[in-house]
Amino acid sequence: MQISPKYKHIEIEKKWYSYWMKNELFKSIPNDKEPFTIVIPPPNVTGLLHMGHMLNNTLQDILVRRARMLGKNACWVPGTDHASIATEAKVVENLKKKGISKDDISRDEFLKYAWDWTDEYGGGILDQLKKLGCSCDWDRTKFTLDDDMYESVIIAFETLHEKGLIYRGNRMINWDPEAKTTVSDEEVNYVEEDSSLYYIKYLIEDSDIDLQIATTRPETLFGDTAICVNPNDDRYKEIIGKNAIVPICNRRVPIISDPYVDLEFGTGCLKVTPAHDINDYNLGIKHNLETIDIFNEDAELNSNGMHYEGKDRFIVRKEIEAELKKNDLLIKKENYLHNVGRSERTNAVIEPRLSKQWFLKMDDITKPAIENVLKKDNIKFFPGKFKSTYKHWLENIKDWNISRQLSWGHQIPVFYYGNNDDYVVAINKKEALKKINYNSDNKYSEDDLTQDNDVLDTWFSSWLWPISVFDGIRNPNNDEINYYYPTQDLVTGPDIIFFWVARMIISGYEFRNEKPFSNVYFTGIVRDKLRRKMSKQLGNSPDAIKLIEEYGADSVRVGLMLSSAAGNDLLFDESLCQQGKNFTNKLWNALKLINGWEVDDKKSQPVENKLAINWYNNKFNKTLDLIDKNFNNYRISDVLMSSYRLIWDDFCSWLLEILKPNYGEKIDKESKTELIKLLEKNLKILHPFMPFLTEEIYHNIPHTNTSDALTISSWPANEKYSSSIVDEFEITKEIISNIRNYRKEKNISFKTSLNLYYLPNGNNLSNIEIIKKIAIIDKLEESTKEKFDVVTSFLIKKFEFFIPLEEGFDKDKEINKLTKELDYYRSFLKSVEIKLKNENFVKNAPKNIIEKEKQKIKDSKQKIESITKSIEELT
RNA sequence: GGGCGCUUAGCUCAGUUGGUUUAGAGCACCUCGUUUACACCGAGGGGGUCGGGGGUUCGAAUCCCUCAGCGCCCACCA
């Protein structure tokens, strides 16, 4: 079989992905096997693959592929999210380029544009995931706006509404004036920004005193409906109950008192604007204040803003500053560092605004999510520290504002009729009409109904994802949901622990009375090596697809996994992919080497081959044990590192070097057969990480498995191993290392045969075991066993090795070295002796520890004796 | 302001319930090497008083206290 000298990742990856697809190896249908289910965190439908996706989906693929090899019915459900605000923003922007404003077209027209956009750019990310090697069941691909998914969301709304959990309320919400929509608390980022604190003069009615009021937002004075001071503030006790005059608009407002006001801040005097500040709003409710809204939806002043009507809030701030100054009402202006809330999506400064919105009551439905996860530990988090974040959020949860003033999404299934406040909840107009007329004698027709214009928060659909992809909302008892739900693992970022993870848990218990998944693996954030987040603006985000093309999917996957412990940020650098590529190269060459060895049927197996194969078998099983443990603890990078070292160091550097036939010779049949079996086992443990390369190599060796593809072969069984065989080989390695070190020190070429001999030194091992080691040493070091004059020696465990005199040997240097060593062991011995003389130690320490200390004394004494002897012989 | 977490080699991190001489790994670094799998390599090597201080203990990177520095989440003082 001719093997290509270079591993050609592009054609090989294409070849195997289409093979897997053609043979439907990722397909899953319910059967009698144990299910292993992962639902993908659906990326934005029009998004492009970035480093975060690569990390996240590589992890999922690793888990899914291993589960598949473990014989489970692995089902990875792919899909995309409509991402209402982000997608709508893109569509609006695109329309703008065409000279079309969203406000000038109908909802239906806008939706048509949005669908065209989605059809054109949508789903590309799924093809990119295929390039990464993701083994999703593509027949199951879902989109959150597919008809069935849409219906699920509406039914969920209906159900919750019937339970009285959804209500419409006038609330202070976060308004994004650019997107002209509400955003949730979680979508607001507070950033410290330089701003100013304005000290404004307010006159008091029937009084000679002026009040000084400090504010960061002078433009909101049109909305002032009270002045508030602290009841314990002696400066202002006299004026409580009087009226103040708001500058410019000259409105009379009451002076009230409330302990909320901080005596220390500013002047201790607060202007209260209930329509535009959450705290003021709460004061307003408490003190029954009037609410004056002064902004329109663009955050421009409305008619309440008098001569500023139609001007932007920030322009008004400047102009009002000038007007106040002119009228001698601005006392001073200070620089002030201040937290400003900005919209995560548009970066616009959030305007707190009073508005009618739909809310989901959270206090009751979160109870199972607290009980089952925090008290019963029914869902495990990796790393576990995120449970405290989860706990804190759930215990302080507020009602969820689920309406958004957008068009792209699931339109709120509320139909208004008659008076403004009359409505029904229904899946469509027809159903709505049925409900209305049932109660009121058919007096309405479809034309009398208007559907609520808003759509639901995107997360109101994604929180149902693990249920709705199996149609468990519409058909709660279907075979799919009963088989696949609850799913096993969820892999996602900690940034959406509230948005998504917690809410899926809540909905899981609400709609199915069961957790949505058993384990949550939180990935870190992919940063560049300077710890900066990857962003378009910085241009520090590599093109994911280009990386795959350049290094190969396997190499990129390995690169990503090499340094990403759960929850830890990944400091990405292209050199990681290079390291991955080096590893694929190493494996490829190992295949070339092994396949190049010709077999001699008559040759019997040399003792060193037998020993080495037996050792590797034990080493493999020991490592596999660790790998399985680490997999179960989701320590994925540890798993990869163990496999990496096992294969690079133990398999390639030791096993292959020992088995390698000498020049012109052939390998015995038994060794080659066994070697190939070992290689196959290596491929299996690597397959979740490097699916393409391992599949290719698998098809280049006579594999023992009956299956045609490594992808569906079985994970190696965890066999018993002997630790002592593994440890003993470490001694052999150490001997060889010492010999090599000696060569290096003495500048002796590897080609030069070394003469060395060795003696058992006060040990109990039989000669046969010593000879076993010698066989391996001879193979690697071409030594002879003739006796020469002893000049140097080293003790390795219980064996002493002697290497004969060479030309140019520096006696003094050697004595010096040995003397240093002697000093070390003498002081070491002393410290152990002191320890053992300590009565408390002997009294309190466990027996095995004391035994170990005693052994240390023995060993070091022996060492001292041997070094002393060597020094004597030299002098 | 409230909460959580981190500080171990140049970098990124392991270090399980305190107990194998000299605290590990990968990468980076240094030296040597064109030995017919691989220079995308091989062999060898250097490098840490485990953030500072205190305590508990026969024994501390590991447990407790304290100080310093860093990160994240929540709240959002006009």
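Below, chains carry the letters A, B, ... as their sequence lines are ordered, and counting in each starts from 1.
Residue pairs meeting the salt bridge (charged side-chain N to carboxylate O under 4.0 Å, His left out) criterion with at least one member in residues 259-282 of chain A, sequence neighbours excluded, are A:D224-A:K271. Applying the salt bridge (charged side-chain N to carboxylate O under 4.0 Å, His left out) test to every pair with at least one member in residues 550-560 of chain A, sequence neighbours left out, gives these pairs: A:D61-A:R557.
Proximity note for A:L571 (side chain, C-beta onward) versus B:A78, B:C40, B:U12: the nearest is B:U12. Nearest nucleotide to the side chain of A:S653, out of B:A37, B:A78, B:G42: B:G42. Comparing B:A78, B:C13, B:C58 by their nearest atom to the side chain of A:V261 picks out B:A78. Which of B:G5, B:A78, B:C40 sits closest to the side chain of A:D262 comes down to B:A78. Of the candidate nucleotides B:G26, B:A14, B:C58, B:G26 has the atom lying nearest to any side-chain atom of A:Q579. Nearest to the side chain of A:A845, among B:A25, B:A37, B:C58, sits B:C58. Closest contact between the side chain of A:H338 and the listed nucleotides B:U36, B:A25, B:A78 involves B:A78.
When the P atom of B:A78 is taken as reference, atom CD1 of A:I200 falls 14 Å away, rounded to whole Å. Computed from coordinates, the A:I594 CD1 to B:C38 C1' distance equals 13 Å when rounded to whole Å. Atom CG in A:D569 sits roughly 8 Å away from atom P in B:C13 (whole-Å rounding). The distance from atom CG of A:N595 to atom C1' of B:A37 is 11 Å, rounded to the nearest whole Å.
If A:L591 and A:K581 are placed on RNA chain B by their nearest nucleotide, the residue sitting closer to the 5' end is A:L591.
For A:Y390, the ring pair (Phe, Tyr, Trp, His ring centres under 6.0 Å) partners are A:F381, not counting sequence neighbours. Residues forming a side chain to side chain contact (heavy atoms under 4.5 Å, CB included) with A:E549 (at least two apart in sequence, or on another chain): A:I545. Shown here are the side chain to side chain contact (heavy atoms under 4.5 Å, CB included) partners of A:N582, two or more places apart in sequence or in another chain: A:Q578, A:W648. A:F265 is linked by a ring pair (Phe, Tyr, Trp, His ring centres under 6.0 Å) to A:Y336, counting only residues two or more places apart in sequence or in another chain. Listed by chain and residue number, nothing satisfies the ring pair (Phe, Tyr, Trp, His ring centres under 6.0 Å) test with A:Y202 (two or more places apart in sequence, or in another chain).
The C1' atoms of B:G15 and B:G24 are separated by 7 Å, rounded to the nearest whole Å. Between B:U8 and B:A14, the distance separating the two C1' atoms is 10 Å to the nearest Å.
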Atom pairs under 3.5 Å, N or O on each side, protein against nucleotides 71-76 of chain B: can you list them with distances?
from	atom 1	to	atom 2	distance (Å)
B:C76	O2	A:N339	ND2	3.2
B:C76	N3	A:N339	ND2	3.3

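A salt bridge does not link A:K8 to A:E696: none of the charged side-chain nitrogens sits closer than 4.0 Å to a carboxylate oxygen.
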Pairs under 3.5 angstrom only: tabulate donor-acceptor contacts from the side chains of residues 493-503 of chain A to other protein residues two or more places apart or in another chain.
from	atom 1	to	atom 2	distance (Å)
A:W500	NE1	A:S462	O	2.9
A:R503	NH1	A:F499	O	3.2

Report all side-chain donor-acceptor pairs from residues 640-647 of chain A shorter than 3.5 Å, counting only partners two or more places apart or in another chain.
from	atom 1	to	atom 2	distance (Å)
A:S642	OG	A:D638	O	2.8
A:S643	OG	A:V639	O	3.0
A:Y644	OH	A:Q579	NE2	3.3

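Nucleic acid contact class of A:K6 (heavy atoms, under 4.0 Å, all strands): base. Here A:K592 lies in heavy-atom contact (under 4.0 Å) with sugar-phosphate atoms only. No contact: A:Y390 has no heavy atom under 4.0 Å from any strand.
When every heavy atom of A:M362 is checked against every heavy atom of A:W400, the shortest pair comes out as CG-N, 3.7 Å.
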Strand RNA chain B in bracket notation, Watson-Crick/G-U under 3.5 Å with | for pairs to another chain:
(((((((..((((.....[....)))).(((((.......))))).....(((((..]....))))))))))))....

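Between the side chain of A:E657 and the base of B:A43, no donor-acceptor pair under 3.5 Å is found.
Near-neighbour residues of RNA chain B inside residues 643-652 of chain A, defined by a heavy atom below 4.0 Å, number-ordered: A:Y644, A:R645, A:W648, A:C652.
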